[in-house]
A.B. asks: 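First the structure, then my questions, so here it is.
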Amino acid sequence: MSPEIELSISCTNCVRRNTPDCSDCLVTFVLGDTPDELVLTSEEADVVELFTTQGLVPTLKYRPVNQ
């Protein structure tokens with residue numbers, strides 16, 4: 001059995017923090033108006049991907065500062 005993969009997204013190092021993109025981001029949708037960090041297991045990430053492709057939740061707008 002393989003270890004569970006975890007996806008961690010921190011708003012602290014996102015270049016889009018406090019921009020209009022932030023208000024329409026998956027992290028803000030899930031965590032509310034003051035997002036900080038979203039952590040998902042691989043299974044949860046798969047469900048989120050399905051929901052975003054179907055237009056049920058916003059897409060992830062996260063872009064790290066150094067990209």
Side-chain angles (χ1 to χ4, degrees):
M1 187 154 108
S2 64
E4 188 69 24
I5 297 172
E6 194 173 88
L7 171 67
S8 178
I9 303 157
S10 175
C11 297
T12 305
N13 65 349
C14 181
V15 297
R16 294 180 174 171
R17 187 174 190 165
N18 297 321
T19 69
D21 284 336
C22 184
S23 64
D24 188 38
C25 178
L26 172 69
V27 179
T28 305
F29 179 81
V30 173
L31 298 180
D33 292 336
T34 54
D36 184 35
E37 182 177 20
L38 179 63
V39 179
L40 301 171
T41 65
S42 61
E43 289 177 352
E44 292 168 335
D46 289 343
V47 171
V48 167
E49 182 178 5
L50 174 65
F51 286 177
T52 57
T53 59
Q54 297 302 310
L56 299 173
V57 297
T59 59
L60 180 64
K61 304 286 197 288
Y62 172 79
R63 295 295 176 266
V65 173
N66 57 0
Q67 184 178 16

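In this chain, residues are counted from 1 in sequence order. Predicted model, so just to flag it, every value in this text is computed and none were measured. Hydrogens, waters and symmetry mates play no part in the numbers below; they use all other heavy atoms, side chains included.
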A.B. asks: For residues 53-60, please give each side-chain donor-acceptor pair under 3.5 Å, one per line with the distance, not counting sequence neighbours.
C.D. replies:
unit_1, atom_1, unit_2, atom_2, d
T53, OG1, E49, O, 3.2
T53, OG1, L50, O, 2.8
T59, OG1, K61, NZ, 3.0

A.B. asks: With rounding to the nearest 0.5 Å, note down the distance linking CG in N13 to OH in Y62.
C.D. replies: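 So the CG of N13 and the OH of Y62 are separated by 3.5 Å.
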
A.B. asks: Any idea which heavy atoms bring E37 and S8 closest together, and the distance?
C.D. replies: OE2-OG, 2.5 Å

A.B. asks: Do you know which two heavy atoms are closest between P20 and S23, and how far apart they sit?
C.D. replies: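 In this case the closest contact between P20 and S23 is O-OG, 2.8 Å.
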
A.B. asks: Looking at CZ of R16 and OG1 of T28, how far apart are the two atoms once the value is rounded to the nearest 0.5 Å?
C.D. replies: 12.0 Å

A.B. asks: Please name the pair of heavy atoms, one in P35 and one in G32, separated by the smallest distance, quoted to 0.1 Å.
C.D. replies: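 Answer, listing the atom of P35 first, then G32: CD-O, 3.4 Å.
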
A.B. asks: Among L31, V27, L26, find the one that has a side-chain contact (heavy atoms from CB on, under 4.5 Å) with I9.
C.D. replies: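 Answer to the side-chain contact (heavy atoms from CB on, under 4.5 Å) test with I9 among L31, V27, L26: V27.
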
A.B. asks: Can you give me the closest heavy-atom contact between V39 and E44, atom names plus distance?
C.D. replies: O-OE1, 4.1 Å

